[in-house]
Amino acid sequence: MLFRKVNIIILLLAAVVFLLVLHHNLLGLSDVLKRQRSDSTPLEFQQVDFLVESPRRISDVKEIPVVIPAVDEQLGGVIAAINSISSNTKSNVVFYIVTLNGTEEHLRPWLSNTDLKNVNYKIVNFNPRVLEGKIQADADGDPANPLAFARFYLPDLVPGEDRAIYLDDDVIVQDDIQELYNTPISAGHAAAFSDDCDSVTSKFIARGAGNRYNYIGFFDYKKERIRKLDMKAVTCSFNPGVFVANLTEWKQQNITKQLEEWMERNVAEELYSKTLVGSITAPPLLIVFYQRHSKIDPMWNVRHLGSSSGKRYSPQYVKAAKLLHWNGHFKPWGRAASYADVWEKWYVPDPTGKFTLIRRHSDGETSK
């Protein structure tokens, strides 16, 4: 009888221990699920890669987040930009490379199997569904590139940071990116851009450029909604391909939501100029940041290098520029870009052989 009671007690104790262990595990699972929910972003931007083992990574030094969109057919530009930045700074730069599904399979070996293997980077998949109902085909009927709008979602792409740099993929940097990151941003401003009229590049406006450096070149001022904004048509525009963002202020002012609203209004009312002179991403930014942005040093966005195949700057000036920007149709990895030799010294050949650099010789012939 006593032996039977002992067995019953042992079984009860075992059951209690089992229940306690099960309760502890369930609590742990609940905490994990809570963390997963809190860490996820509402726009489903998914971090798919992060090179954590790097000799250059210094954990106790504040990182400089640099966001660059990566279109597969222009990955050579991304590589050259990353190489130029990392080679000219000792700062703790982390590149947030924004891609669409599939591009990371091409990008990862290019970074890991070349001299860029020690670069700190994160690959973020952009979810194009966030743009549904907000964009439309261009004048030629071609769909807009979703990654062009990634800059509108900076706080979601770079969570937890209070400041970030955004760069297009057609730039190279010739000075320390820390200086650009430290650009003063006035209280109440969410970003700093380079104004076209302040830029030294505005002194080299090509004939026939018309109103490409003023607001009238971006908007249809016959539309009542545009007129109600009371934006002066002669106001100088700014270039959205290089800027520094105060992400704390960006979130407080709900800049992303404002940009989305203007995108939706344009789809419904066609507010942009029929002869839009710049990027389709410029008009929403020009509205939201009208007379509410700080300025970056013009030498940190020496641009329009891709607006023609001719050379508009002296070699001395190009050398002195802190950032060179090939915005326009003529890209430095293409057939007829100006100053392609300056860009090419930062280019790292694709080990997969998928990206082919087209070179133009002095006799006008091209080769791969």
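Atom set for the values below is all heavy atoms of this structure, side chains included, hydrogens, waters and symmetry mates excluded.
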Task: Side chain Asn120, main chain Val94, donor-acceptor under 3.5 Å - done: no
- [ ] Using only heavy-atom distances, determine whether the side chains of Asn239 and His304 contain a donor-acceptor pair under 3.5 Å.
- [x] no
Open item on the list: Any heavy-atom pair between the side chains of Leu229 and Tyr290 that's under 4.5 Å?
Closed with: no
Task: Flag side-chain contact, heavy atom, 4.5 Å: Trp343 against Leu357 - done: yes
TODO: To the nearest 0.5 angstrom, please state how far the CZ atom of Phe126 sits from the CG atom of Asp156.
DONE: 9.5 Å
Open item on the list: Nearest 0.5 angstrom please: Ser87 OG to Asp115 CG, how far?
Closed with: 9.0 Å
Open item on the list: Looking at Thr352, is its backbone amide N or carbonyl O close enough to the side chain of Asp350 to form a donor-acceptor pair, meaning the two atoms are under 3.5 Å apart?
Closed with: yes
Open item on the list: Among residues at least two apart in sequence or on other chains, which ones pass side chain to side chain contact (heavy atoms under 4.5 Å, CB included) with Lys257?
Closed with: Asn254, Glu260, Glu261
TODO: Test Leu247 against Asp162 for side-chain contact (heavy atoms from CB on, under 4.5 Å), laying out the working first.
DONE: CA-CA 5 Å; Leu247 299 179; Asp162 55 9; 5.5 Å; no
Task: Inter-residue atom distance Lys62.NZ - Arg163.CZ, 0.5 Å rounding - done: 9.0 Å
TODO: Taking atom types as modelled, find out whether Arg303 and Ser194 have a side-chain donor-acceptor pair closer than 3.5 angstrom.
DONE: yes
Open item on the list: In the structure I gave you, are the side-chain heavy atoms of Leu285 and Phe152 within less than 4.5 Å of one another anywhere?
Closed with: yes
- [ ] Return yes if some donor-acceptor pair links the side-chain N/O of Gln174 with the main-chain N/O of Ala321 below 3.5 Å, else return no.
- [x] yes
- [ ] With sequence neighbours left out, write down each residue that passes side chain to side chain contact (heavy atoms under 4.5 Å, CB included) with Arg225, or none if nothing qualifies.
- [x] Trp262, Arg265, Glu269, Leu271
Task: Non-neighbouring partners of Glu249 that pass side chain to side chain contact (heavy atoms under 4.5 Å, CB included), sequence neighbours left out - done: Ala190, Asn246, Gln252, Gln253
Task: By salt bridge (charged side-chain N to carboxylate O under 4.0 Å, His left out) - contacts of Asp341 (at least two apart) - done: none
Open item on the list: With a 4.5 Å cut-off on side-chain heavy-atom distances among I, L, V, M, F, W and Y, is there a chain of contacts connecting Phe330 to Ile172?
Closed with: no
Ignoring hydrogens and angles, write down the donor-acceptor pairs under 3.5 Å from the side chains of residues 67-76, residues two or more places apart or on other chains.
residue : atom : partner : partner atom : Å
Asp72   : OD1  : His106  : ND1          : 3.2
Gln74   : NE2  : Asp169  : OD1          : 3.3
Gln74   : NE2  : Asp169  : OD2          : 2.7

Task: Asn83 (side chain) donor-acceptor with Trp346 (main chain) under 3.5 angstrom - done: yes
TODO: Starting at CZ of Phe219, measure out to CG of Asn266 and round the result to the nearest 0.5 Å.
DONE: 9.0 Å
Task: Of all pairs that satisfy ring pair (Phe, Tyr, Trp, His ring centres under 6.0 Å), the ones with a partner from residues 241-261, not counting sequence neighbours - done: Tyr166-Phe243, Phe193-Phe243, Trp250-Phe289
Task: Set of residues satisfying salt bridge (charged side-chain N to carboxylate O under 4.0 Å, His left out) with respect to Asp176, sequence neighbours excluded - done: none
Task: Any donor-acceptor N/O pair, Asn145 side chain to Leu147 backbone, under 3.5 Å - done: yes
Open item on the list: Let me check something: do Val267 and Leu286 share a hydrophobic cluster, defined by ILVMFWY side-chain heavy atoms less than 4.5 Å apart, either directly or through other members?
Closed with: no
TODO: Please answer whether the main-chain N or O of Gln178 pairs with a side-chain N or O of Ser91 as donor and acceptor at a distance below 3.5 Å.
DONE: no
Open item on the list: Name the residue from Ile177, Thr183, Val242 that meets the side-chain contact (heavy atoms from CB on, under 4.5 Å) definition with Trp300.
Closed with: Ile177
Open item on the list: Contact between Glu63 and Val93 at the side-chain level, heavy atoms closer than 4.5 Å - yes or no?
Closed with: no
Task: Working for side-chain contact (heavy atoms from CB on, under 4.5 Å), residues Leu131 and Tyr153 - done: CA-CA 11 Å; Leu131 301 175; Tyr153 299 91; 3.7 Å; yes
TODO: Would you check if the side chain of Lys354 reaches a backbone N or O of Pro351 as a donor-acceptor pair within less than 3.5 Å?
DONE: no
Task: Qualifying salt bridge (charged side-chain N to carboxylate O under 4.0 Å, His left out) pairs, either residue in residues 229-241, two or more places apart - done: none
TODO: Can you see which heavy atom on Pro332 is nearest to which on Ala340, and at what distance?
DONE: O-CB, 3.7 Å
Open item on the list: Could you tell me if Asn125 and Asn101 have a donor-acceptor pair between their side chains, going purely by distance under 3.5 Å?
Closed with: yes
TODO: For Tyr221, check ring pair (Phe, Tyr, Trp, His ring centres under 6.0 Å) against everything at least two apart and list the hits.
DONE: none
- [ ] Just do the side-chain contact (heavy atoms from CB on, under 4.5 Å) check on Ile79 and Leu116 with the steps written out, would you?
- [x] CA-CA 9 Å; Ile79 293 297; Leu116 299 176; 3.7 Å; yes
Open item on the list: Under a 3.5 Å threshold, yes or no: a donor from one side chain and an acceptor from the other, between Ser237 and Asp196?
Closed with: yes
Task: Sequence-distant partners of Lys322, salt bridge (charged side-chain N to carboxylate O under 4.0 Å, His left out), two or more places apart - done: Glu179, Asp297
Task: Within one Ile-Leu-Val-Met-Phe-Trp-Tyr cluster: Val234 and Tyr213, side-chain cutoff 4.5 Å - done: no
Task: His189 side chain vs Ser294 backbone, donor-acceptor pair below 3.5 Å - done: yes
TODO: Quick one: list whatever passes side-chain hydrogen bond (donor to acceptor under 3.5 Å, both in side chains) with Glu270, sequence neighbours left out.
DONE: none
Task: Nearest-0.5 Å distance that lies between atom CG in Leu167 and atom CD1 in Ile165 - done: 6.5 Å
Open item on the list: Just verifying a value: how many Å separate Ile123 CD1 and Tyr96 OH, rounded to the nearest 0.5 Å?
Closed with: 13.0 Å
TODO: Please check if the distance between the ring centroids of Tyr339 and Trp326 is under 6.0 Å.
DONE: no
Open item on the list: With a 3.5 Å distance limit and no angle check, can you tell me whether Thr89 reaches the backbone of Ser86 through a side-chain donor-acceptor pair?
Closed with: no
Task: Considering all heavy atoms, the nearest Ala150-Leu157 contact - done: O-CD1, 3.2 Å
- [ ] Would you please indicate yes or no on a ring centroid separation below 6.0 angstrom for Tyr215 and Phe218?
- [x] no
Open item on the list: Under the rule for side chain to side chain contact (heavy atoms under 4.5 Å, CB included), what residues qualify as partners of Glu224, not counting sequence neighbours?
Closed with: Arg227, Lys228
Task: Residues Asp168, His325; criterion side-chain contact (heavy atoms from CB on, under 4.5 Å); working and verdict - done: CA-CA 8 Å; Asp168 279 345; His325 189 182; 3.7 Å; yes
Open item on the list: Has Ser112 got a side-chain atom pairing as donor or acceptor with Arg108's backbone, closer than 3.5 angstrom?
Closed with: yes
